[in-house]
Each structure stands twice: as structure tokens, then as C-alpha cells.
Amino acid sequence: MAKITVQQKFKQSPAQVFEAFSKHSIYNDAFWPVQVERIKDSADPQNPDGLGSVRQMGFGPVKPIKEQIITLEPNQLIEYKLIGNPLIKHHVGRLKFTTIDGGTLLTYEIELTGKLPLMSLPVLAGLKVAIGVGLAKIARQL
């Protein structure tokens, strides 16, 4: 299993940063031009983007990537897993929110195992760049 870690500092509190990243719609801004939409609500009607919700990502009508929220610890942790992808054995993403210097350090980790040999490293390299750019963009916008 291969893994990447990307960190980004935010001026806002962990509660504010967590609130932003707990909404699937923020990823439309972070990873534009990739489009993200919720396709399954969580069981909590007060938080449809919460635990158990599923988002899909892609371009236009083609959105082959589906992720399900598997852990949601307010102001601390969001975890998701990739579901239904025939090329990926294991993909888990973790967003950890830590208080630092009156703001927040967001640590974004992804573990990935592809079904094809040597697939994980180039996929993770691309994700690391995209996530770094996306997090920096959101840090400027919040």
C-alpha cells in the first residue's frame, strides 16, 4: 500500500475549516474542473453530507469516482473510502484538523492500492499535486 500526505495551514479555527470540508460542494472549488455531487444522503437529515453519504466525481455526465464518508468526528477527522472502482483495491482518505497558532493545520492523507502493478505511485503523485493546489486555493478563499 502506498501513501501520500499533504498539509495546509488555515487562519481559521478547526471548527470553521472542518465545517467547510465537511460539505461535498467545497471540492468543486478545490479540484475544479472536476465536478463533485452528492448522490446519497447520510442518515442524518440535519447533515446530508455526513456519515454514510456518497459523492461522485468526474466531468459532465461522466463521474466514475464514488467516495463514501466512513468517519466523521466533528472538528477533528473526516475519512472516506473509494467504492465501486474496478481498478482500485483500497483507497482511504483522511482529513485531520489540528489547532496551531490560532488557526488550523489540515493534514490530508491518502492510502491507495491499485489492482494493477505499479499503478498506485503515479496515481498518488497526481493526487498529491492536485490536493496541494486545491487546499492552497481553499485556504486563500476561506
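Residue numbers count from 1 along this sequence. Bear in mind that the values here come from a model prediction, so they are computed numbers and not experimental data. Just the heavy atoms: all of them, side chains too, but no hydrogens, waters or symmetry mates, feed the values below.
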Student: Enter the distance from Met119:CE to Leu121:CG here, rounded to the nearest 0.5 Å.
Tutor: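 Going from the CE atom of Met119 to the CG atom of Leu121 covers 11.0 Å.
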
Student: Got Asn28 and Glu37 here, is their nearest side-chain heavy-atom distance under 4.5 Å?
Tutor: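 No; the side chains remain at least 4.5 Å from each other.
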
Student: For Ala130, which residues count as a side-chain contact (heavy atoms from CB on, under 4.5 Å) partner, sequence neighbours excluded?
Tutor: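 For Ala130, no residue satisfies side-chain contact (heavy atoms from CB on, under 4.5 Å) once neighbours in sequence are set aside.
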
Student: Does some side-chain heavy atom of His24 sit less than 4.5 Å from a side-chain heavy atom of Glu67?
Tutor: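 No, their side chains stay 4.5 Å or more apart.
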
Student: Considering residues at least two apart in sequence or located in another chain, which fulfil the side-chain contact (heavy atoms from CB on, under 4.5 Å) criterion with Lys23?
Tutor: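 Lys23: side-chain contact (heavy atoms from CB on, under 4.5 Å) contacts with Glu19, Ser25, Asn47, Asp49.
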
Student: Is a donor on one side and an acceptor on the other found under 3.5 Å between the side chain of Thr104 and the backbone of Ser13?
Tutor: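 Yes, because the side chain of Thr104 sits within donor-acceptor range (under 3.5 Å) of the backbone of Ser13.
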
Student: At what distance, to the nearest 0.5 angstrom, does CG of Asp101 lie from NZ of Lys11?
Tutor: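 If I round to the nearest 0.5 Å, the distance is 13.0 Å.
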
Student: Could you tell me whether the side chain of Tyr80 reaches within less than 4.5 Å of the side chain of Leu72, counting heavy atoms only?
Tutor: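 No, their side chains stay 4.5 Å or more apart.
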
Student: Any chance you could measure Leu51, atom CG, to Thr71, atom OG1, to the nearest 0.5 Å?
Tutor: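 Interatomic distance, Leu51 CG to Thr71 OG1, rounded to 0.5 Å: 7.0 Å.
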
Student: Can you tell which of Leu127, Ile26, Ile131, Val36 makes a side-chain contact (heavy atoms from CB on, under 4.5 Å) with Phe31?
Tutor: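 With Phe31 as partner, side-chain contact (heavy atoms from CB on, under 4.5 Å) holds for just one option, Ile131.
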
Student: According to ring pair (Phe, Tyr, Trp, His ring centres under 6.0 Å), does anything in residues 93-132 pair up with another residue at least two apart or in another chain? List the pairs.
Tutor: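 Listed once each, the pairs are Phe18-Phe97.
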
Student: Could you check whether any side-chain heavy atom of Glu111 comes within less than 4.5 Å of a side-chain heavy atom of Arg94, counting everything from C-beta outward?
Tutor: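 Yes, side chains in contact.
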
Student: Verify, without hydrogens or angle tests, whether Glu79 (side chain) and Ile70 (backbone) share a donor-acceptor contact under 3.5 angstrom.
Tutor: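 No.
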
Student: Using the ring of each side chain (for Trp, its six-membered ring), is Phe21 parallel, tilted or perpendicular to Tyr27, with breaks at 30° and 60°?
Tutor: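 Phe21 and Tyr27: perpendicular rings.
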
Student: Quick one: ring pair (Phe, Tyr, Trp, His ring centres under 6.0 Å) pairs with a partner in residues 111-142, sequence neighbours left out?
Tutor: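 Applying ring pair (Phe, Tyr, Trp, His ring centres under 6.0 Å) to every pair that reaches into residues 111-142, excluding sequence neighbours, yields nothing.
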
Student: Show the atom names and distances, to 0.1 Å, of all donor-acceptor pairs under 3.5 Å that link a side chain in residues 135-142 to residues at least two apart or in another chain.
Tutor:
| residue | atom | partner | partner atom | Å |
| --- | --- | --- | --- | --- |
| Lys137 | NZ | Asp29 | O | 2.8 |
| Arg140 | NH1 | Ala136 | O | 3.4 |

Student: Applying side-chain contact (heavy atoms from CB on, under 4.5 Å), can you list everything that pairs with Thr5, at least two apart in sequence or on another chain?
Tutor: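 Partners of Thr5 under the side-chain contact (heavy atoms from CB on, under 4.5 Å) test: Lys3, Gln7, Thr107, Glu109.
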
